[in-house]
Amino acid sequence: MKAGDYYILALLHQIYLKFLFWAYKPESSPGSRQIQLWHFILELLQKEEYQGVIAWQGDYGEFVIKDPDEVARLWGIRKCKPHMNYDKLSRALRYYYNKRILHKTKGKRFTYKFNFSKVVLVNYPILDMASSPFFLCWCADNFILDD
DNA sequence: TCCGGAATGC
DNA sequence: GCATTCCGGA
């Protein structure tokens, strides 16, 4: 691959993450519903200030929890569960295996991988990522015309 | 460390 | 339904 290709891929990655955020929000925001763990994980992953705690690494969609205790602490604060720890948090992550939202990258410590297409389909069955006109319209509205 | 069953709560 | 808590086993 050329250097330019990597740039385009990085750009697509950014667009896709923004799309994911947009896609799951309507489901989680209507007041009453509690935030879900994978929403929270994506949230941390988006913020540069948490790169020392959790970050994208390796294959596409793969991320590493660099500081398990800190991630658990932050999750505990969000859910008002002061006794949260990585053991419990990781059990919740393991429940995502069957739902095909996440899977484990075997052999790599604290490393998991998102099944991004599944994540979008769970919330918006009609939407099929890049092939969807919704996605293109969304890009136009939120990214391309942005700057 | 990582897995998944079981009981429980909201 | 989505965790939280606890835990025996690999």
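Since this is a predicted model, take the numbers as computed values, not measurements.
One finds no salt bridge joining A:Lys104 and A:Glu62 here, because no Lys/Arg side-chain nitrogen approaches an Asp/Glu carboxylate oxygen to under 4.0 Å.
In this structure, A:Arg100 fails the cation-pi test against A:Tyr96, since its NZ or CZ atom is not both closer than 6.0 Å to the six-membered ring centre and inside 45 degrees of the ring normal.
When distances are taken from the side chain of A:Tyr86 to each of C:dA3, B:dC2, C:dT5, the shortest belongs to B:dC2. The side chain of A:Tyr96 lies closest to C:dA3, out of C:dA3, C:dT5, B:dT1.
A close approach under 4.0 Å does occur between a side-chain nitrogen or oxygen of A:Lys79 and OP1 or OP2 of C:dT4. Look at A:Trp75 and you'll find a side-chain N or O under 4.0 angstrom from OP1 or OP2 of C:dT4. A close approach under 4.0 Å does occur between a side-chain nitrogen or oxygen of A:Gln36 and OP1 or OP2 of C:dA3. At C:dT4, none of the side-chain N or O atoms of A:Lys88 fall inside 4.0 Å of OP1 or OP2 (strictly under the cut-off).
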**OP:** Produce a footprint string for nucleotides 3-8 of chain B: one letter per nucleotide, 5' end first; B if the base is under 4.0 Å from any protein heavy atom, S if only the sugar-phosphate is, - if neither.
**Re:** BBBBB-
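The CE-P distance, from A:Met84 to C:dC2, rounds to 16 Å in whole Å. What separates CG of A:Asn85 from P of B:dC2 is a distance of 14 Å, to the nearest Å. The CD-P distance, from A:Gln34 to B:dG9, rounds to 17 Å in whole Å.
Nucleic acid contact class of A:Leu89 (heavy atoms, under 4.0 Å, all strands): none.
Crowding of A:Lys47 atom NZ: a count of heavy atoms from other residues, nucleotides or ligands under 6.0 Å exceeding 12. Atom CD of A:Glu49 sits in a crowded spot, with more than 12 heavy atoms from other residues, nucleotides or ligands closer than 6.0 Å.
In this structure, A:Tyr86 and A:Phe110 have perpendicular ring planes: the angle between them is above 60°, well past the 30° mark.
Side-chain N or O atoms of A:Lys66 include none that pairs as donor or acceptor with a backbone N or O of A:Tyr50 at under 3.5 Å.
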